[in-house]
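Model, not experiment: these values are computed from the prediction.
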Amino acid sequence: MFEHIERVPGDAILGLIEAFKKDTNPQKVDLGVGVYRDSKGNTPVMRAVKEAEARLLKNEATKTYIGSHGAPAYSNVVLPMVLGTDSPVLEAKRASATQSPGGTGALRLAADFIATQLPHKGIWVSDPTWPNHHGIFTSAGIALHKYPYVDADNRLDFSGMLAALKKIPEGDVVVLHACCHNPTGFDLSQEQWQEVLDVLRERKLLPLVDFAYQGFGEGLDEDAYGVRLLAEQLDEVIITSSCSKNFGIYCERTGCLIMVAKDAEQMENVRSQVAIVARENYSNPPAHGGAIVSEILNDAELTTMWREELTEMRDRINTLRRDFVEALKPYGLDQKYACVAEQRGMFSYTGLTPDQVDRLRDEFGIYMVRSGRANVAGFSHENLPYLAKAIAAVND
């Protein structure tokens, strides 16, 4: 039965991991894998998470299922974190949350919901976007299209984006990155979000907002500006949220699908359909990550500790962005790569070509995706001089 099955190439980023491990260069640098790293190159467990887990271990009384929508305690803390504690959307009971296995699981729930409840609608993603967007939506049977996002000079092409959105067929779905755009790091300003809102409303488009990095751009509330604007101003919005990154609980796979409807009654109709989608995908989500988040956000002391740690992570990344550009100044490349300091989040669309990326890997042991996307959290004050020298060498 399996004789006809062909081998396919492995995931490019996972391949980078293996190649990096085998590299014997003592100065090698991993800028590929999309996880936060501290100055020592480790992905630490946050202090607030450690304390929350200790409390959970002590007080946990059951390992039973938590239901297709997940634990209510998790939804009760994630909804105000995403939509705001004084959100008129929550007050009107227009939103509901479904706990999912990471933000990826939330995207899959959204994809299946769109495929079954909004058949024949296309979905539009930025060019470029997180590569897994393509696989998730096409595997659900949705026709996938692209709108421009970055121009030939490696700058945000907002005019091109807006012009493309104005031509999308009425009723189609548009995927937007709430903040810390993956892979480019280029985010929309508040004024640009308003212009996008106007087009969505005029064209009657359904936004699907991927909110994977809340707190890594400018701050928890600042990063939510676009999400809250759309949710409050439009009748219908889909939001996929992740706590895997901002709580540093990657392996716990902790996400959430948030559906916003016109009113409370329509929301209950939508919520009933999402439950079926979840049931048919994985039945019940994993409980532990959501329990960690709930424990932290329901305790003032732990919430303060977590916010402080998240701020430290965000400030470190933003400082490294500026220091990277500064390190290139002696080589006359600071203006060419100035965009790195302007971008936000863990990722940077550096503008390096595939050939330059290959040279960085082969000659210097510096690993990143061939698109030129680099994980800025892989920078350190120890490796920045080496990185700058290597980048200057491949720019000769």
Residues passing the salt bridge (Lys or Arg N to Asp or Glu O under 4.0 Å) test with D30, sequence neighbours excluded, are R37
Any donor and acceptor pair, going by atom type alone, linking the side chain of R314 with main-chain N or O of G215 inside 3.5 Å?
-> yes
Would a hydrophobic clustering, with Ile, Leu, Val, Met, Phe, Trp and Tyr connected at side-chain separations under 4.5 Å, put L206 with I258? no
(Q) The test is salt bridge (Lys or Arg N to Asp or Glu O under 4.0 Å); show your working for D172 and R203 and say whether it passes. (A) CA-CA 9 Å; D172 272 8; R203 298 293 306 155; over 6 Å; no
Task: D127 (side chain) donor-acceptor with P148 (main chain) under 3.5 angstrom - done: no
Across all chains, not counting sequence neighbours, the salt bridge (Lys or Arg N to Asp or Glu O under 4.0 Å) partners of K329 are E326
### Query
Does CZ belonging to R307 count more than 12 external heavy atoms closer than 6.0 Å?
no
task = Output yes when a side-chain donor or acceptor of E170 lies under 3.5 Å from a complementary backbone atom of K204, and no otherwise.
result = no
Residue pair T98 / H69, side-chain heavy-atom distance below 4.5 Å
yes
Flag side-chain contact, heavy atom, 4.5 Å: D223 against Y213
no
Partner of P207 under side chain to side chain contact (heavy atoms under 4.5 Å, CB included), picked from V196, V173, L234, V174, is L234
Basic-acidic side-chain contact under 4.0 Å: R359, D396:
yes
Item to complete: Could you state whether V89 and V274 fall into the same hydrophobic cluster, counting links through intermediate Ile, Leu, Val, Met, Phe, Trp or Tyr residues with side-chain heavy atoms under 4.5 angstrom apart?
Response: no
Donor-acceptor check, side chain of W193 to backbone of V227, threshold 3.5 angstrom: yes or no?
no
**Asked** Have Y337 and N395 got a donor and an acceptor in their side chains that come within less than 3.5 Å?
**Response** yes
Note: C256 and S100 closest approach over all heavy atoms is N-OG, 3.1 Å
To the nearest 0.5 Å, atom CZ of R373 lies from atom CH2 of W130 at 10.5 Å
Rounded to the nearest 0.5 Å, the CD atom of E195 sits from the CE atom of M161 at a distance of 10.0 Å
Rounded to the nearest 0.5 angstrom, the OH-CG distance for Y386 and N25 is 4.5 Å
Determine yes or no for a side-chain-to-main-chain donor-acceptor pair under 3.5 angstrom, with R155 supplying the side chain and A152 the backbone.
no
task = Find out if a path of hydrophobic residues (ILVMFWY) with successive side-chain heavy-atom gaps under 4.5 Å connects L188 to I168.
result = yes
Heavy-atom closest pair (R321 atom, S348 atom, distance to 0.1 Å) is NH1-CB, 3.8 Å
Quiz item: Given E252 and F247, is the side-chain contact (heavy atoms from CB on, under 4.5 Å) satisfied, shown in steps?
Solution: CA-CA 10 Å; E252 304 298 351; F247 285 83; over 6 Å; no
All heavy atoms of Q214 vs all of A224, minimum pair found to be NE2-CB, 4.1 Å
**Message:** Is there a side-chain contact between Y147 and L176 in this structure, where contact means two heavy atoms from C-beta onward sitting under 4.5 Å apart?
**Reply:** yes
Quiz item: Mind checking whether V357 and F347 sit in one hydrophobic cluster, side chains of I, L, V, M, F, W, Y counted as touching below 4.5 Å?
Solution: yes
Looking at T254, is its backbone amide N or carbonyl O close enough to the side chain of S244 to form a donor-acceptor pair, meaning the two atoms are under 3.5 Å apart?
yes
query: Is there a side-chain contact between L352 and M368 (heavy atoms, below 4.5 Å)?
result: yes
The reported gap from CG in D153 to SG in C339 (rounded to nearest 0.5 angstrom) is 10.5 Å
Tightest non-hydrogen contact, residues P80 and S75, listed as CD-O, 4.2 Å
Notebook entry, point to check: So, the side chain of Y149 versus the backbone of F186: is there a donor-acceptor pair under 3.5 Å, distance only?
Noted result: yes
- For the residue pair V150 and D157, establish whether any side-chain heavy-atom pair is separated by less than 4.5 Å. no
Does S241 reach the main-chain N or O of G255 with its side chain, forming a donor-acceptor pair under 3.5 Å? no
Exercise. Using the six-membered ring wherever Trp is involved, compare the ring planes of Y36 and F216 and label them parallel, tilted or perpendicular (cut-offs 30° and 60°).
Key: tilted
For G378 and N383 the tightest heavy-atom approach is O-ND2, 3.1 Å
Exercise for review: Evaluate whether atom CZ of R279 has more than 12 neighbouring non-hydrogen atoms of other residues, nucleotides or ligands under 6.0 angstrom away.
Suggested key: no
Taken to the nearest 0.5 Å, the spacing of D362 CG from Y367 OH works out to 7.5 Å
_Between K22 and E18, does any side-chain N to carboxylate O distance fall below 4.0 Å?_
no
**OP:** Please check if the side chain of D221 supplies one atom and the backbone of G84 the other of a donor-acceptor pair under 3.5 Å.
**Re:** no
State whether E308 and R47 are salt-bridged, where the test is any N-O pair (Lys NZ or Arg NE/NH1/NH2 against Asp/Glu carboxylate O) under 4.0 Å. no
Is there a side-chain contact between K146 and W124 (heavy atoms, below 4.5 Å)? no
Strictly by modelled atom types, are S126 and H181 linked by a side-chain donor-acceptor pair under 3.5 Å? yes
CD of E295 to CZ of R55, rounded to nearest 0.5 Å, is 6.0 Å
Does I292 form a side-chain contact (heavy atoms from CB on, under 4.5 Å) with L56? I'd like the steps, not just the answer. CA-CA 8 Å; I292 293 171; L56 290 172; 3.9 Å; yes
Task: Within-4.5 Å side-chain heavy-atom neighbours: E309 and M305 - done: yes
### Message
Working note: V277 + L257, criterion side-chain contact (heavy atoms from CB on, under 4.5 Å); need CA distance, chi angles, decisive distance, verdict.
### Response
CA-CA 11 Å; V277 173; L257 173 65; over 6 Å; no
Return yes if some donor-acceptor pair links the side-chain N/O of Q27 with the main-chain N/O of G365 below 3.5 Å, else return no. no
Verify same cluster id: M346, L31 (apolar side-chain graph, 4.5 Å):
yes
**OP:** Could you verify whether a donor N or O on one side chain and an acceptor N or O on the other, from H177 and T129, lie under 3.5 Å apart?
**Re:** yes
> Are R108 and D112 close enough that some pair of their side-chain heavy atoms sits under 4.5 Å apart?
Replying inline: yes
Here the pair of heavy atoms bringing A95 nearest to L83 is CB-CD1, 3.8 Å
* List the steps, then state whether side-chain contact (heavy atoms from CB on, under 4.5 Å) holds for L320 with H381. => CA-CA 8 Å; L320 286 169; H381 290 108; 4.1 Å; yes
